[in-house]
Amino acid sequence: MSTTPSGPGDRLVQVGAIVFFVGALATLVTVAPLFLGTDPFPSVAYAVSMLMGVGFLIAGAGVVRSAWSNSPRRAANRL
């Protein structure tokens with residue numbers, strides 16, 4: 001474990017990464033019937049695949065929040 005304190009936005013990046021990988025796994029599972037020649041999954045499976053984009057947006061929001069809070073202008077106001 002890291003002993004550095006977590007900054008603003010770090011938790012959003014972690015949650016975004018988890019949501020992204022769940023969506024990526026769902027995308028692989030959804031595409032598999034195309035290669036295996038089986039019946040496709042229902043539409044709900046395709047909706048779960050959209051979590052990949054949602055996770056990317058959540059992680060991006062965490063990066064923006066971290067960069068915004070560590071900007072030089074905001075750091076000067078804290079002093």
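By convention here, the first residue in the shown sequence is residue 1. Basis for what follows: all heavy atoms, side chains included, without hydrogens, waters or symmetry-related copies.
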Hydrophobic cluster mates of Leu34, side-chain heavy atoms under 4.5 angstrom, ILVMFWY only, any path?
Val31, Phe35
Just how far is it from atom CG of Leu51 to atom CZ of Phe21, taken to the nearest 0.5 Å?
13.5 Å
ILVMFWY network linking Val48 to Val19, side-chain heavy atoms under 4.5 angstrom:
yes
Test item: Thr27 and Thr30 side chains (from C-beta on) under 4.5 Å apart, heavy atoms:
no
Same cluster for Met52 and Phe56 if Ile/Leu/Val/Met/Phe/Trp/Tyr side chains link at under 4.5 Å?
yes
Would you check if the side chain of Ser66 reaches a backbone N or O of Gly62 as a donor-acceptor pair within less than 3.5 Å?
no
Hey, does Pro8 have a side-chain heavy atom less than 4.5 Å from the side chain of Trp68?
no
Heavy atoms of other groups near Tyr46 OH, more than 12 under 6.0 Å:
yes
